[in-house]
Amino acid sequence: VTPAPVREHMRPGPVVVRADAPIAVAVDLLRTRKIRHLPVVDDGGRLVGIVTDRDLRQLVFDPRIQEALGDATLSLAGLTVREVMTWGVVSVRPDADLRAAARLMRERKIGALPVVEDGLVVGILTETDVLAAFETILGDRVTSVRPLDAAPAAGEPYDYGFALRAAAEPEANEGTVD
Amino acid sequence: LSPGEGRAEARRPWLALAAGMLALAGCATAYTQGQADLRGGRPAEARRHFEAALASRPERLDALAGLAVAEYKLGAFDRALPLFERVAREMPRSGDAHLYLALTYLQTRDLARATAAMTEARQLGLPARTAAQIDRALPLLEPGLPEAVRAFVAASLEGDLEWAAEVHDARTAPRAWLEPTWVIHSDSHAIYRHIHGVP
């Protein structure tokens with residue numbers, strides 16, 4: 001595989017969420033944008049973590065987490081993204097080699113890598129992007145896309161296994177950084 | 001019969017029934033434990049439990065499929081392959097079984113069979129996202145496939161299968177944990193009160 005910088009294959013200007021946003025906002029962004037990974041930034045747009053649909057599913061369904069929350073009257077809607085996100089997120093630079101990024105994703109079982117330059121999130125590299133990049137890079141060796149009977153349903157929202165909707169509109173916390 | 005012997009005689013059918021139920025419960029427990037181990041990322045323990053379930057009831061396809069997945073996750077592809085081949089043969093409409101079979105062929109570098117099994121899986125009932133990822137992966141499976149690409153495709157599609165299983169588990173979890181319409185809440189009793197208007 002010919003070396004290729006991540007910059008050429010990432011999605012620039014990804015949707016991000018602020019750490020102090022209610023988690024309902026993150027849920028709404030995941031659903032409406034049909035994404036599974038949401039980089040979390042601070043007030044200055046710097047990457048501080050990542051929140052995924054898996055984090056939220058665990059939050060809603062894991063009995064241990066439910067038990068840890070303790071107070072039966074505590075509403076999860078009162079939590080912020082900061083309280084559920086993964087800290088110490090693995091990221092790559094735009095000039096990193098795509099193969100190295102792909103290896104990192106495979107070995108660490110990471111579905112998406114935020115692409116960071118000078119602390120700011122400038123893109124995101126997902127498994128889908130890597131597969132598309134391999135197809136581009138392999139070029140002539142990829143002969144054709146085989147005809148298939150059924151196509152994935154376009155425009156349908158992803159089913160994350162839970163049905164959460166935000167009480168508030170997300171516009172105040174939604175943004176892109178590039 | 002003495003009174004004591006009569007009571008013992010009367011208990012016999014119940015004891016046999018209880019023993020039978022215990023045996024069935026033991027099998028179900030081993031299978032359930034295997035599933036929990038798989039979900040928890042403990043394939044070695046999962047293999048042991050699925051083997052125990054199959055020792056009691058060798059015809060259980062679900063336990064066989066679980067054992068195949070455990071072997072796959074342990075990297076024992078030569079052991080996983082005949083298991084997945086049997087599961088796919090006996091469950092011809094299972095997209096998961098055919099996709100895992102394809103991934104096992106991919107791990108053993110049998111690209112032709114991997115392509116055939118993946119194409120078969122694509123025609124079956126898989127989540128839209130997984131189907132779309134297969135569409136992206138299939139054109140890559142050509143002779144001379146670089147090792148890095150092969151490994152990434154296998155890991156990515158395996159991750160998709162795990163994601164789909166998690167979503168399925170969550171969707172079929174007790175409805176009490178789901179919030180009613182617009183609020184995420186940790187208290188199922190509060191949700192019940194909210195839904196039913198109980199103060």
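Chain A is the first sequence line, chain B the second, and so forth, proteins listed ahead of strands; every chain is numbered from 1.
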Check the surroundings of atom [atom1] in [X]: do more than 12 heavy atoms from other residues, nucleotides or ligands lie under 6.0 Å from it?
{"X": "Asp118(A)", "atom1": "CG", "value": "no"}
{"X": "Arg93(A)", "atom1": "CZ", "value": "no"}
{"X": "Arg150(B)", "atom1": "CZ", "value": "yes"}

Side-chain heavy atoms under 4.5 angstrom apart, residues restricted to Ile, Leu, Val, Met, Phe, Trp, Tyr: same cluster for [X] and [Y]?
{"X": "Leu161(B)", "Y": "Leu101(B)", "answer": "yes"}
{"X": "Met85(A)", "Y": "Ile124(A)", "answer": "no"}
{"X": "Leu111(B)", "Y": "Leu81(B)", "answer": "yes"}
{"X": "Val149(B)", "Y": "Leu104(A)", "answer": "yes"}
{"X": "Leu74(B)", "Y": "Leu67(B)", "answer": "no"}

> Thinking salt bridges, do Arg136(B) and Glu127(A) make one under a 4.0 Å N-O criterion?
Replying inline: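 Judged by the 4.0 Å cut-off on N to carboxylate O distance, Arg136(B) and Glu127(A) do not form a salt bridge.
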Counting C-beta onward and ignoring hydrogens, is there a side-chain heavy-atom pair between Pro139(B) and Leu138(A) closer than 4.5 Å?
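Sidechains of Leu138(A) and Pro139(B): no contact.
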(request) Would you give the length of the straight line joining atom CG of Leu98(A) to atom CZ of Phe152(B), rounded to the nearest 0.5 angstrom? (result)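 Answer rounded to 0.5 Å: 8.0 Å.
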Check your understanding: So how far is it from Leu131(A) CG to Ile134(B) CD1, rounded to the nearest 0.5 Å?
Key ->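 With rounding to 0.5 Å, CG (Leu131(A)) is 11.5 Å from CD1 (Ile134(B)).
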What residues of residues 153-160 of chain B make heavy-atom contacts with chain A at a cutoff under 4.5 angstrom?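 Residues Val153(B), Ala155(B), Ser156(B), Asp160(B) are the ones that qualify, each having a heavy atom under 4.5 Å from chain A.
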If you take all heavy atoms of Asp53(A) and Trp163(B), which pair is closest and at what distance?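 Shortest heavy-atom separation between Asp53(A) and Trp163(B) comes out as OD2-NE1, 2.7 Å.
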